[in-house]
Amino acid sequence: MSDERLGELYAGTLELVAAHGYEKLTMDQIAEATRSSKATLYRQWGSKSALVVDALCWLGDDKPEVPDTGTLHGDLMVMVDRSDEQAHEHDADLIAAIMHAVRHDAELGEAVRTQILEPGRENIRSVVRRAVDRGEVAADCPGLAFVDYVFIAPVVLHHLLEGDEPSTDFLRRYVEGALLPALGIH
């Protein structure tokens, strides 16, 4: 399959997950919507969860390098700005569908955690480790254990609490008002 065709198939799959939910989605629907053969889908991926995980990985393939501006504040602001640039139209629906699905599909849950979330969490932790090494954050700061959770929380929860996507301005204010103070930076 060409990269272009794979991109169409992955994009179509994720649109269907966002629109219908993971559990209700069938390989028949994916095949029809993406103009594919169900046999080809099963031969290539073996399961719906493997296809969805590959599609999610494809969505995140263009992740830039971890920023290194020389300050934790600068690095986090670059990460916030990049997240806005990488936002996709159906992100909230897709996140909600995947969050629900991982509770009921162990294979999907493990793949999402290890292949998608863990690399992003490691990026956040590496930025903060550098800040500790520079002396910006105390090595014994209790907030260090939770920094990846705190950084990710508004992306996941904002739509639930507010009914819309978090703006870049909101995320920047959140980092400055919640995350940085939790790490002892005011």
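For clarity, every value in this text was computed on a predicted model and none was experimentally measured.
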Q: Show your working on side-chain hydrogen bond (donor to acceptor under 3.5 Å, both in side chains) between R5 and S36 and close with a plain yes or no.
A: CA-CA 10 Å; R5 178 67 182 121; S36 305; 2.9 Å; yes
(Q) For D133, I'd like to know if atom CG has over 12 heavy atoms of other residues, nucleotides or ligands within 6.0 Å. (A)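 It does: D133 CG has more than 12 such atoms within range.
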(Q) Can you tell me how far apart OG1 (T26) and CG (L16) are? Round to the nearest 0.5 Å. (A)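 The CG atom of L16 is 9.0 Å from OG1 of T26, to the nearest 0.5 Å.
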Q: Nearest 0.5 Å please: distance from the OG1 atom of T13 over to the CH2 atom of W45.
A: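 Reported to 0.5 Å precision, the distance equals 7.5 Å.
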Q. How many angstroms lie between atom OG1 of T34 and atom CE of M27, to the nearest 0.5 angstrom?
A.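 Between T34 OG1 and M27 CE, I get 9.0 Å after rounding to 0.5 Å.
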Q.
What verdict does the side-chain hydrogen bond (donor to acceptor under 3.5 Å, both in side chains) test give for S126 and R129, after you've listed the backbone C-alpha separation in whole Å, the side-chain angles of each residue and the deciding distance to 0.1 Å?
A. CA-CA 5 Å; S126 71; R129 271 195 305 275; 4.9 Å; no
Q | Chi angles and distances behind the side chain to side chain contact (heavy atoms under 4.5 Å, CB included) call for V52, V112 | A | CA-CA 9 Å; V52 170; V112 165; over 6 Å; no
Q) Should S49 and Y22 be marked as a side chain to side chain contact (heavy atoms under 4.5 Å, CB included) after you check the CA-CA gap, both sets of side-chain angles, and the distance that decides it? A) CA-CA 9 Å; S49 61; Y22 175 81; 3.1 Å; yes
Q: With rounding to the nearest 0.5 Å, note down the distance linking CG in D68 to CZ in R130.
A: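 These two atoms lie 4.0 Å from each other.
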**Q.** Residues D169, R173: salt bridge by 4.0 Å N-O rule
**A.**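 A salt bridge is present here (some side-chain N lies under 4.0 Å from a carboxylate O).
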Q) Counting only heavy atoms not in E32, do more than 12 fall under 6.0 Å of its CD? A)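 Open: at most 12 neighbouring heavy atoms sit under 6.0 Å from CD of E32.
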Q: Indicate yes or no: at least one non-hydrogen side-chain atom of I185 is less than 4.5 angstrom from one of H73.
A: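 SC-SC contact between I185 and H73 ruled out.
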Q | CD-CG distance between Q115 and D54, expressed to the nearest 0.5 angstrom | A |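 Answer rounded to 0.5 Å: 7.0 Å.
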Q | Pairwise side-chain contact, V127 with V147, heavy-atom cut-off 4.5 Å (strictly under) | A |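 They are not in side-chain contact.
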Q. Say you draw a straight line from CD1 of I124 to CD1 of I152; how long is it, rounded to the nearest 0.5 Å?
A.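 Spacing of CD1 (I124) from CD1 (I152) equals 4.5 Å.
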(Q) With a 3.5 Å distance limit and no angle check, can you tell me whether E136 reaches the backbone of L72 through a side-chain donor-acceptor pair? (A)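 Yes, because the side chain of E136 sits within donor-acceptor range (under 3.5 Å) of the backbone of L72.
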